[in-house]
Amino acid sequence: QVQLVESGGGLVQPGGSLRLSCAASGFSSDSYNIGWFRQAPGKEREGVSCLRGIRGRATFYANSVKGRFSISRDNAKNTVYLEMNSLKPEDTAVYYCAADVRGISVVTPEHCYGMTSWGKGTLVTVSS
């Protein structure tokens, strides 16, 4: 059974940093597409950063986070991370880890969509 558990959210001041973790179980996270999404109050969920785990490697970053956020994975721990730097109030959202073990999602440098399994999310609040 696929499970994704996020951690690392919290309250941080503008300009600060946080590292989110997504512990995966029930599948090997380096073999499937996996990534981070977020949903701010009153807004639609959006892709933040994704890794393509099959058919060659690719990494997606939303334009709004390029140069500030970095996605990585630790295969030994079956965990994916999102390092977030220079945080802004507009980064405030619930951040979700998502993966696709059915092979229907798309991850390219320009797009990330179609994930089929989701974690419960972790809240990130950027405020002074």
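Just so you know, these numbers come straight off a predicted model, no measurement behind them. Throughout, numbering of the chain's residues begins at 1 and tracks the sequence.
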Test side chain to side chain contact (heavy atoms under 4.5 Å, CB included) on Thr116 and Ser105; report intermediate values, then the result.
CA-CA 8 Å; Thr116 55; Ser105 62; over 6 Å; no
One should read off an interatomic distance between Leu4 CG and Met115 CE, to the nearest 0.5 angstrom, of 10.0 Å
So which heavy atom on Val80 is nearest to which on Arg73, and how close?
CG2-CB, 4.0 Å
Assigning hydrophobic clusters by single linkage (Ile, Leu, Val, Met, Phe, Trp, Tyr; side-chain heavy-atom cutoff under 4.5 Å), is Leu20 placed with Val94?
no
Distance only, no hydrogens: is a donor on one side chain within 3.5 Å (strictly under) of an acceptor on the other, for Thr79 and Asp74?
no
Heavy-atom nearest pair, Leu18 first then Gly8, reads CD2-O, 3.8 Å
To the nearest 0.5 angstrom, please state how far the NZ atom of Lys77 sits from the CG atom of Asn75.
12.0 Å
Between Ala99 and Phe27 the two heavy atoms that sit nearest each other are CB-CZ, 3.7 Å
Do Pro89 and Ser127 have side chains that approach each other closer than 4.5 Å (heavy atoms only, starting at C-beta)?
no
Least distance between heavy atoms, Arg68 atom then Leu87 atom
NH1-CA, 3.9 Å
How far does CD of Gln1 sit from OG of Ser117, to the nearest 0.5 angstrom?
9.5 Å
Partner of Arg38 under side-chain hydrogen bond (donor to acceptor under 3.5 Å, both in side chains), chosen from Thr92, Thr122, Asp91:
Asp91
Which pairs count as ring-ring contact (aromatic ring centres under 6.0 Å, His included) when at least one residue sits in residues 101-128, sequence neighbours excluded?
Phe37-Trp118
Straight-line distance of Trp36 CH2 to Cys50 SG, nearest 0.5 Å:
11.0 Å
Ion pair present between Lys120 and Glu6, side-chain N to carboxylate O less than 4.0 angstrom?
no
Please answer whether the main-chain N or O of Asn33 pairs with a side-chain N or O of Arg52 as donor and acceptor at a distance below 3.5 Å.
no
Show the nearest heavy-atom pair for residues Ile71 and Tyr61, with the distance to one decimal.
N-OH, 2.9 Å
Between Tyr32 and Asp100, does a side chain to side chain contact (heavy atoms under 4.5 Å, CB included) hold up when you go through it step by step?
CA-CA 6 Å; Tyr32 298 93; Asp100 170 37; 5.9 Å; no
Report yes or no: does Asn78 contribute a side-chain atom to a donor-acceptor pair with the main-chain N or O of Ala24 at less than 3.5 Å?
yes
Quick one: does Leu82's side chain get under 4.5 Å of Phe69's, heavy atoms only?
yes
Are a donor atom and an acceptor atom from the side chains of Tyr81 and Arg19 found within less than 3.5 Å of each other?
no
Nearest heavy atoms of Ala58 and Pro109, plus distance in Å
CB-CD, 4.3 Å
Close side-chain approach of Phe60 and Glu110, heavy atoms under 4.5 Å:
no
Would you sort out whether Met84 and Tyr95 count as a side chain to side chain contact (heavy atoms under 4.5 Å, CB included), showing the intermediate values?
CA-CA 12 Å; Met84 305 186 295; Tyr95 283 72; 3.9 Å; yes
Hydrophobic clusters here meaning ILVMFWY residues chained together by side-chain heavy-atom distances under 4.5 Å, can you tell me if Val65 and Ile34 are in one?
yes
